[in-house]
2 protein chains.
Amino acid sequence: MTRGTGRGGSPAAPSSTDVARLAGVSQKTVSRVFNDEPYVSADVRRRVTEAAERLGYRRNNAARALASGRTRSIGVVTLGTALYGPASLLMGVERVVRDTGYALRVVNTMEGDPAGIAGAVDSLLDQGVDGIVISEPIDEAGENGDMAPRVGVPVLVIGAPPFVTAPAVLNAGDGADLMARTATEHLLALGHTTVHHLAGPQRWYAARDRLEGWRATLTAHGKDVPEVVTGDWSAASGYTAGRALAEDGDVTAVFSANDDMAIGLVRALADAGRRVPEDVSVVGFDDIPVAAYVTPPLTTVRQPFDAVAQEGLKRLVHAIENPDADPLPPSDPPIDLVVRASTAPPPSRTARARGRRTSSRRQAGTPAARPEGGAAPQH
Amino acid sequence: MTRGTGRGGSPAAPSSTDVARLAGVSQKTVSRVFNDEPYVSADVRRRVTEAAERLGYRRNNAARALASGRTRSIGVVTLGTALYGPASLLMGVERVVRDTGYALRVVNTMEGDPAGIAGAVDSLLDQGVDGIVISEPIDEAGENGDMAPRVGVPVLVIGAPPFVTAPAVLNAGDGADLMARTATEHLLALGHTTVHHLAGPQRWYAARDRLEGWRATLTAHGKDVPEVVTGDWSAASGYTAGRALAEDGDVTAVFSANDDMAIGLVRALADAGRRVPEDVSVVGFDDIPVAAYVTPPLTTVRQPFDAVAQEGLKRLVHAIENPDADPLPPSDPPIDLVVRASTAPPPSRTARARGRRTSSRRQAGTPAARPEGGAAPQH
DNA sequence: GTGAAAGCGCTAACAC
DNA sequence: GTGTTAGCGCTTTCAC
C-alpha cells in the first residue's frame with residue numbers, strides 16, 4: 001500500500017521513488033538530478049528528467065524541509081495597509097525574493113493589533129522560515145511589554161532600529177532622516193524663515209526619523225522649531241492639520257511626512273484662501289504616482305523602495321546561507337528630491353500681513369499668477 | 001545521535017518526543033494536546049503544556065505537512081505593483097487568511113513576465129499550497145499559448161473569468177461592469193448627451209469589464225458610443241489622454257477606469273483651460289484615499305476590496321476543507337458611488353461653443369465661480 | 001558515478 | 001483516555 005490515497009479522488013502525486021522506478025535508477029539518483037548535483041552521467045540525467053516529466057513529478061517541499069531542516073522560505077512582517085510606502089516595499093521584497101530562489105510568506109500586523117510584531121514574527125517562526133524581514137515596524141511598546149523577541153533565524157529590519165535578538169540582525173532603509181533634511185533644506189534655501197512639519201504618527205519609526213531630520217536641520221541653521229502637527233498618514237488628517245496651519249499667518253513652508261497628507265494639506269490651504277506655493281510652500285515625502293499630477297504638482301522626496309529592498313534582501317540571504325561569515329555591509333540609498341511646483345520663495349512681508357487679515361475664503365479671480373506647473377508635469 | 005546537529009551552533013529545536021519524555025507521556029499525546037483533540041485529561045494536558053513551554057517547543061510544520069498531506073497554506077498570485085487596487089486586495093486577503101488559520105504565500109507576476117500567471121501558479125504548486133488565489137490577473141494569451149493551467153487544488157479567481165482547470169474554481173469581484181454602469185448612468189442622469197471613457201490597459205480583465213459596463217449603458221440609453229481612449233492606470237497616462245480629450249470641445253463627461261488616471265486627466269483639462277466640473281465632468285474608479293482631497297474632490301466608485309476578499313476566501317477555504325461538498329454560492333458585493341465635486345450638469349450649448357473657440361490656455365481670473373468642493377470634503 | 005540504509009518530526013489508524 | 005506501529009518523501013551518510 002505504498003501509493004496510498006489522495007483523498008477527494010485525485011490520484012496521489014508521484015514521488016521520487018516512482019520516478020526512480022520508471023527511469024530504472026535509485027531514488028537517490030533522482031534526488032541528485034533534481035538538486036543539480038554533480039556526478040550524474042548525462043544519460044542517467046536525461047532518463048530521469050524524462051520519467052519525471054512523464055509522471056508530472058514535482059518534488060515535495062515538506063519532505064525536503066523536514067529532511068534538510070531548511071524551508072527555503074523567507075517571511076515578511078508588514079503593515080496591513082495599502083499605504084504606498086509599505087505596499088511598495090512589500091512588492092520590492094517579493095520581486096527580489098523570487099530571484100533568490102526563496103519562497104515568500106507574508107504576515108500582517110495591524111495597528112493596535114494586541115499581538116503586534118512579536119505575534120507576527122511568532123507566527124512566521126511557527127510556519128518555518130529561514131529568515132525574516134520586518135518592514136516598517138511601528139513601536140508597540142507600552143501595550144506590549146516584552147520587546148526584543150528572540151529569534152533563531154537572521155532578521156532584516158527595514159526602517160527601524162534593530163529591536164530583535166537573532167543570530168544576525170541587519171538594517172536597511174535608514175535614510176529617512178537624511179531625506180527629511182534635504183526636504184527641509186530645500187525650503188530654507190528658498191528663503192523661508194522656518195519650516196513647519198506635518199508629522200506622521202509617532203509610533204512609526206519612519207515618522208520619527210522624518211521628524212528628527214527636520215528638527216535637526218532647523219537647529220543646525222539656527223531657526224525656530226515650530227510646534228509639530230501630527231497626522232495619521234491620510235489625506236483626511238492632512239486636511240485637518242491644514243485647517244489649523246492655515247489660521248497661522250506666519251506659516252510659509254510646510255514639510256509633510258508623506259504625500260497623502262501633503263495633498264490634504266494643500267486642499268485645506270486652498271479652501272482657506274492660502275495659495276500654494278505663493279503663500280505657502282509644501283514638500284511631501286514618497287513621490288507617489290499621482291504627486292506630479294495634483295494641483296499644484298507636488299515637490300517631494302522620492303523613496304528608493306526597490307533599492308532598499310534589493311540591497312537588504314541580498315544581505316539577508318547572505319546571512320542565511322553563510323551563518324558564520326561576516327554580514328555584508330549596508331550601502332547608502334540615493335536621496336532624490338523632486339522639485340515641482342508646490343514650493344517657491346516666501347511671500348513678501350507686506351503680502352503676508354495682508355494675508356493675515358484676510359483669513360476668510362479668497363475669491364477666484366484674485367489677480368495673481370496661477371501656479372501652473374508648466375505643460376507636462378515633471379517626473 | 002537523535003538530537004543531532006543544528007549547524008551554525010544553535011542547538012537543535014526540541015521535538016514532540018522531547019516534550020513527551022519530559023512530561024512523561026507518549027509522543028502521540030503531545031500531538032493530541034497541540035491539535036486540541038478531545039480525550040486528553042486536564043492533568044495530562046497541563047503537564048504537556050508546561051513541558052513544551054519549558055523546552056520552547058514549537059511544532060514542525062514541515063513534518064506536519066509531510067505526514068498529513070496538507071500544508072495549511074494558501075498561495076496568492078498578484079501583480080507586482082503598488083497600485084491601489086491590487087495592493088488593497090492583497091491586504092484584504094492576508095487579513096482574512098490569517099483568521100482562517102492558513103499561512104499565506106505570495107508570488108507576483110509582472111506585466112510582460114514571460115512565465116506569466118501559469119509560472120506563478122506553478123511556483124506556488126512547487127512550494128505546496130492547499131489553495132490558490134489569483135488576484136486581478138491580466139490576459140497574457142498570445143504571448144503565452146497554453147492558458148488554462150491544470151491545478152490540483154481549489155482556486156479562487158478575483159476579477160477575471162475562471163481560466164484554470166481545478167477541482168474547484170471560484171470567482172469573486174465580478175461587479176466591475178455593474179459599477180461602471182452606475183458611474184456612467186450618474187453622468188447621463190446629469191444631462192450629458194454622452195460619456196467618454198478613459199480605459200485601462202485592455203489586457204486587464206478589470207479594464208475590460210469597466211469598458212463593457214460603460215458601453216452597455218450608453219447603448220441601453222441609445223447614446224453615441226465615442227471612441228475609447230486607453231491609458232495604463234497611471235496619472236501620467238491620464239494626463240496624456242486628457243490632453244487629447246481637451247482638444248475635443250464636444251467632450252463634457254468622462255468616466256475614467258481608475259482614480260489615478262482621473263487625476264492626471266483633471267490636471268490636463270485644467271492645463272488646457274477646461275474647468276472641472278463646469279466644462280467637463282469626471283468620474284473615477286476605486287476611491288483611493290486622496291480622491292476626496294484633490295481639486296476638485298473626485299466623484300468615484302468605491303471598490304469593496306475587503307468584502308470581496310473576505311467573501312472569496314471564505315468560499316475558497318470551504319472548498320479546501322470540504323472537497324466533496326457543493327461550493328458556497330457567491331454573494332453580490334455592494335455598489336457604492338461616491339458623489340463629490342468633479343461632476344455637474346453639462347455646460348449650455350453656447351458656453352460650449354465659446355469654449356471650443358478658446359482652446360488656448362485660460363487665464364486665471366476668468367470670471368467664473370471656482371469649483372470649491374465645500375468646506376470638508378465628503379468621504 | 002551510483003546505491004542502500006537510516007531517519008527528519010509529525011499524523012493516521014488502530015489497539016488497549 | 002492513552003499508547004503503538006507505520007509510514008509521509010525527501011536528504012544525509014557512507015559504502016561500493
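Numbered from 1 within each chain, the chains take letters A, B, ... in sequence-line order.
In this model, the phosphate group of C:dG3 is approached by a side-chain N or O of A:S26 to a distance below 4.0 Å at OP1 or OP2. Using a 4.0 Å cut-off, no side-chain N or O of A:T29 falls inside it from OP1 or OP2 of C:dG1. Between B:S16 and C:dG9, a side-chain N or O to OP1/OP2 separation shorter than 4.0 Å is absent. One finds a side-chain N or O of A:Y57 lying less than 4.0 angstrom from the OP1 or OP2 phosphate oxygen of D:dC10.
A pairwise comparison of heavy atoms in A:Y205 and A:G159 identifies CB-O, 3.4 Å as the closest pair. Contact between A:E311 and A:S331 at its shortest, heavy atoms only, is OE2-N, 2.7 Å.
Relative to the side chain of B:R59, the nucleotides D:dC10, C:dG1, C:dC10 differ in distance, and C:dC10 lies closest. With distances taken from any side-chain atom of B:L66 to the nucleotides D:dG9, D:dT11, C:dT2, the minimum falls on D:dG9. Closest contact between the side chain of B:V25 and the listed nucleotides D:dC10, C:dC10, D:dG3 involves D:dG3. The side chain of A:K28 approaches D:dT13 more closely than any other nucleotide in the set D:dT2, D:dC10, D:dT13. Here the side chain of A:Y39 is nearest to one of C:dC10, D:dC10, C:dT2, namely C:dT2.
The closest side-chain heavy-atom distance from A:Y57 to A:D18 is not below 4.5 Å.
What separates CZ of B:R70 from C1' of D:dC8 is a distance of 15 Å, to the nearest Å. Spacing between atom CZ of B:R32 and atom P of C:dA12 amounts to 12 Å, rounded to whole angstrom units.
Counting distance only, with no hydrogens placed and no angle test, the side-chain atoms of A:R45 and the base atoms of C:dG1 include no donor-acceptor pair under 3.5 Å.
Using a 4.0 Å heavy-atom criterion, one finds that A:N35 contacts the sugar-phosphate atoms exclusively.
In this structure, CZ in B:R95 is found 9.5 Å from CD in B:Q310, a value given to the nearest 0.5 Å.
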